[in-house]
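Below is one structure; the comments refer to it alone.
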Amino acid sequence: MRIDVWLWAVRLTKSRSVAAELCRSGRVRINDKVAKPSSSVAVGDRVTWRDPLRDRLIEVVELLPKRVGAPIAAKAYLDHSPALPTRVEREAVGLRDRGTGRPTKRERREIDRLRGRREG
């Protein structure tokens, strides 16, 4: 089954075109390999991508050929993603003064460390 169809069918994306664009951007990985929209997904595969708020780690439990209701869709995968950050945690990181430009490499590393994305 195609990854873009599966992401849409289990309601992890709003539409199939959003799922396809997410795959085309190179952010979706199936078992640590970059996935195209037409990449096949099977039961037991681990699908990962970066959400605006967190890293998503999903394990495929069932393949659904078409979009189903939310209770059924929730049974089609196991979500191993970390918990959503609280509002206070989201506000504490990422605020920059207007006009300061993009963060430097050093600042990006510090931001990643605060968010828990990297070990270094």
Heavy-atom check, side chain of T48 versus side chain of V28, under 4.5 Å: no

same_hphob_cluster(L12, L57) at 4.5 Å side-chain heavy-atom cutoff: no

Pairwise side-chain contact, I30 with R46, heavy-atom cut-off 4.5 Å (strictly under): no

ILVMFWY cluster, V34 and L22 together (side-chain gap under 4.5 Å): no

Test item: D55 and W49 side chains (from C-beta on) under 4.5 Å apart, heavy atoms: no

Distance, nearest 0.5 Å, that separates OG of S15 from CD of E21: 10.0 Å

Donor-acceptor contact below 3.5 Å, side chain E107 vs main chain T104: yes

Under 3.5 Å side-chain donor-acceptor pair for S25 and R27: yes

CG on D4 to OG on S39, rounded to 0.5 Å: 9.0 Å

S40 side chain reached by M1 side chain, heavy atoms, under 4.5 Å: no

Within one Ile-Leu-Val-Met-Phe-Trp-Tyr cluster: V68 and V18, side-chain cutoff 4.5 Å: no

In one Ile/Leu/Val/Met/Phe/Trp/Tyr side-chain cluster, 4.5 Å: W8, I58: no

CZ-CG distance between R2 and L63, expressed to the nearest 0.5 angstrom: 14.0 Å

Side-chain heavy-atom pair V43, V61 within 4.5 angstrom cut-off: no

Residue pair K36 / R24, side-chain heavy-atom distance below 4.5 Å: no

Residues, nucleotides or ligands: over 12 heavy atoms within 6.0 Å of D32 CG: no

Cluster check I72, V10: I/L/V/M/F/W/Y, side chain < 4.5 angstrom: yes

Exercise: do S81 and R56 side chains pair donor with acceptor under 3.5 Å: yes

Reported CZ-to-CH2 distance for the pair R67 and W6, which is rounded to 0.5 angstrom: 12.5 Å

Side chain proximity check, R109 to R106, heavy atoms < 4.5 angstrom: no

Heavy-atom pair with the smallest gap, counting every atom of I3 and P37: CG2-O, 3.5 Å

